[in-house]
There are 2 protein chains.
Amino acid sequence: MIPRDLHIAQAASLKPLDDVAAAMGIGSHLLEAYGENVAKIKLAAIDELADRPRAKYVVVSAVTPTPLGEGKTTTTVGLGQALCRIGRQATVAIRQPSMGPTFGIKGGAAGGGYSQVVPMDVLNLHLTGDFHAVTAAHNLLSAVLDNHLFQGNATGLDPHAVTWRRVLDVNDRALRNIVVGLGSRTDGIPRQTGFDITAASEVMAIFALARSLHEMRERFGRIVVGYTPQGTPVTAEDIGGAGAMTVIMRDALKPNLMQTLENTPVLVHAGPFGNIAHGNSSVVADLIGIHGGDFLVTEAGFGADMGAERFFNIKCRASGLTPDAAVVVATVRALKAHSGRHRIVAGRPLPEALLAENPDEVHIGGANLRKQIENIRLHGVSPVVAINAFPGDHPSEHAAIAEIAQEMGARVAVCTHFTDGGRGAGELAEAVAEAADEPSDFRFLYPDSASLEEKIETIATKVYGAAGVDYDRTAARQLATYEANGYGRLPVCIAKTHLSLSSDPSLTGAPTGWRLPVREVRASVGAGFIYPICGDMRTMPGLGATPAAHLVDIDRDGNIVNLS
Amino acid sequence: MIPRDLHIAQAASLKPLDDVAAAMGIGSHLLEAYGENVAKIKLAAIDELADRPRAKYVVVSAVTPTPLGEGKTTTTVGLGQALCRIGRQATVAIRQPSMGPTFGIKGGAAGGGYSQVVPMDVLNLHLTGDFHAVTAAHNLLSAVLDNHLFQGNATGLDPHAVTWRRVLDVNDRALRNIVVGLGSRTDGIPRQTGFDITAASEVMAIFALARSLHEMRERFGRIVVGYTPQGTPVTAEDIGGAGAMTVIMRDALKPNLMQTLENTPVLVHAGPFGNIAHGNSSVVADLIGIHGGDFLVTEAGFGADMGAERFFNIKCRASGLTPDAAVVVATVRALKAHSGRHRIVAGRPLPEALLAENPDEVHIGGANLRKQIENIRLHGVSPVVAINAFPGDHPSEHAAIAEIAQEMGARVAVCTHFTDGGRGAGELAEAVAEAADEPSDFRFLYPDSASLEEKIETIATKVYGAAGVDYDRTAARQLATYEANGYGRLPVCIAKTHLSLSSDPSLTGAPTGWRLPVREVRASVGAGFIYPICGDMRTMPGLGATPAAHLVDIDRDGNIVNLS
């Protein structure tokens, strides 16, 4: 047994951040310390580093995960550590974890075992307050909006057509649907609304996609907060909130520098949702990290159909950067689950039957891996399969995954970075380096000029394997309105379950013959994408019967206990 | 005309914080940098500094203020600067401003003119995120509470007797009264509740009063979140939230070190409300600052009947520290307003008639100053009157204030620190140094053992000048319950208007013959005080027709504009 994550993290030997930054070519004058083991990097770094060589850009994605996750962050961290071990200077870029789920069931998101970002408690709690700034900026706009209604509603905003809600970084189901403005006449205009978790805020997506302070300011101004009865969009600029939001978010736009257990530099920045938003860390962090050495390894949320597709078509569109290789993390348990014979539930032990040696099952579930490799290839990028080994795996099952990868012409490596740190991902690092050295043929899946319907259908049929798309009447009307409003050139971000390539979480493997149902379509105009809703998207989690909030505490020495 | 506050602040010449801390005897090993011009001080400083000499402890209070405020923070900063100029090492301790009002009408709270805490934009925005931590810890307990109701309500908490609300640091009137838990069965239990501003959170009061991490943990556990139908209190410990709250608040408990325009060290820490809470900066900051040199100058909110009374009877009870002198800030405009002949409205120009030379009016309104000097004396502390000079004042009016002070046997000095910095408060510094050298006869106004009613009546009659106290039936019943629950030994914090010595904001001077009406009585058991409600206490402000949120922005160079 290896020790618990928190114990490994607490025993880590951290380097001064000046040294960590120096490895990336970043001088101390570009750092602002935030506590002892985190620094913000000034945005001036983007220009200062621009003349340095461009690193190879590697995105880490995965097969369609089980509800437990397949160790994507851990693999991202392990790969970064491994590249440094083989003498290639690497920088890791990940999203900041949301604090809400840290006190729910999920636990933190700093990687795991001997492939962690440290200090994990700082990462999983406030870090440098960027999420809090998002909460504050978002809710200031909410207050400005309700005040706009209260003070005479000069724009003629329809109170029933307000789309801007409020956010908090806490799992609080009671806030999903609320009525505000009750009380007396001076207590506002009563109306129904609700709270989402902060990661779901459009402010989060905007600051993840902006390339500069000024671009962030412009994007905030473009946020659509609702509509008039005539259907005219009302923006944050119209009601006078975008400047103050920018001031609140000014420091948050600077990426946070941390390190792995092996002192590899890590940029932790932004954490937009992976279904209703694009689920990738910030553009600004990558604009800095891309000049930080030989490799920039960045993570994209969920399976390759979700995070990687948005990485290619939304994030790279915004940043102008082009990827050189893509890792697809695969696990034996996920592929066995994709055979359709097992059901994995978060918080419960794995089914006994899933633990028995069964390479055939891996081959059956491997349909999912095949499709996800294809999804990388669709964008002209070299795929590398990382087999994230677990203690109960059997060699025959690893061999089965390797066979699938080789049939698909993808490089493949078994990794033990959870138990062995960077040393356990040496083969993966070599494979990634080879793949990244191949000439890149990166391409977007669709041109800006395609219609929103064409974009949705392209992703649904080519990436998800759907036979077609069905639009509810509402959705069709919304798409027409968005095209009329001039949003037609935006990319799309399809909000569907991450637990299947399809929109039905119970369909395993690589389902075909199904149709994608689009119930409604929403617009994040400031972030710059249109998001069709395909299934129930929960944007505010709840707490379980025994949430981590009951267990996390300090001990007699003031140390944190039960944080995971 | 002197330049605008933001321009003066942006032109300041700041010292490295290591040097600022060194002046207090604090080594760099006790600092954690947060950005370039703020550091947190580790709590180990309390023990490390314990053997150093104890500074003189000076509290800065005021006459009953107008809605514009009388420059108490500015005087606190100016006095600190002036003491350093006359060769006495001083540390200033102030509350962190609330961000909500920064985007409303009030503007920031960093002092003003040439007596400011810098950088003022950092101070008025997130600082090191302590308020955000309060918001997060408070709302985690709210989520745990609603989840407790949802998951079976094992304590038998009465949903109609829940006293714990939610908080946000934004002026948002629409959140004052809300209904949560709407939607489907999995979206919680519907009930009415609301949001207060973060400064009004009991978490804020607790972290301002705790002497250590462990004491904060215990206090969080004692928070009463509501009652069973039988009237049994249900605590944060009972529903399992106090440990996680402590982990969220761990770093917030470390005081923030900043500096004035003249590089005097400033501890900025906590910002509890001044009516429903005790309105003073943190005990932890003062436990460090008290060994930081010759003087620790700390500010107490509103007039001497409010902030100073709670400083003496709540904060000093919690800290064990005893004050050596108390400054009462007086302005010509406030005393003229206390004549009852003028009405001052925030956001409008002063009435013409108030600006005319009229020392007689100052004498009439001086009744308020006399009473506030007496309120300091009641606690055995030497009062010093600081005449905070404004450009339109007349020398005869300053003389009138000085006469009143001298009649009362108090030291007095005219100060021009707003326009002149520390140089303008030299006489005040000398007077404070003399007063603090007198032997202190500090005493609490009432013993712990007095009943809650006795405590309320003592403050009402001796400090406010009331003829007596009237309790509504609800209030009387609540007092009886609190005594029965064992809260009778706690001090009381009377929530009344800060705009009059009485509970009626329209009564000027030093009203007598009135009775204090106690409508209801609430309990902050974790913070450790009982607070009777005497009048309408607004715990969530609103935005005006043209709030600062519409004006604050960045300019072409990315600098903040219109923040005040």
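Here is the naming used below: chain letters follow the sequence lines, and residue numbers restart at 1 for every chain.
Only the side chain of L125(A) comes within less than 4.5 Å of a heavy atom in chain B; its backbone stays farther off. No part of M540(A) comes within reach of chain B, as not one of its non-hydrogen atoms sits under 4.5 angstrom from that chain. Only the side chain of L168(A) has a heavy atom closer than 4.5 Å to any heavy atom of chain B. In this structure, chain B has a heavy atom under 4.5 Å from the backbone of L31(A), while its side chain stays farther away. Heavy atoms closer than 4.5 Å to chain B are found in both the backbone and the side chain of T186(A). At a 4.5 Å heavy-atom cutoff, the contact between V179(A) and chain B is made by backbone and side-chain atoms alike. Looking at I239(A), only its backbone comes within 4.5 Å of chain B, counting heavy atoms on both sides.
With chain A as the partner, the residue from A133(B), A174(B), G152(B), G558(B) showing the most heavy-atom pairs under 4.5 Å is A174(B). With chain B as partner, the option from D251(A), L149(A), L175(A) having the largest number of non-hydrogen pairs under 4.5 angstrom is L175(A).
For the ring-ring contact (aromatic ring centres under 6.0 Å, His included) test, residues two or more places apart in sequence or in another chain that qualify with F195(A) are F195(B).
Among residues at least two apart or in separate chains, salt bridge (charged side-chain N to carboxylate O under 4.0 Å, His left out) pairs with a member in residues 129-150 of chain B are K40(B)-D130(B), D146(B)-R166(B), D146(B)-R191(B).
Minimum interatomic distance between R173(A) and N147(B) (heavy atoms only, all atoms of both residues): NH1-OD1, 2.8 Å.
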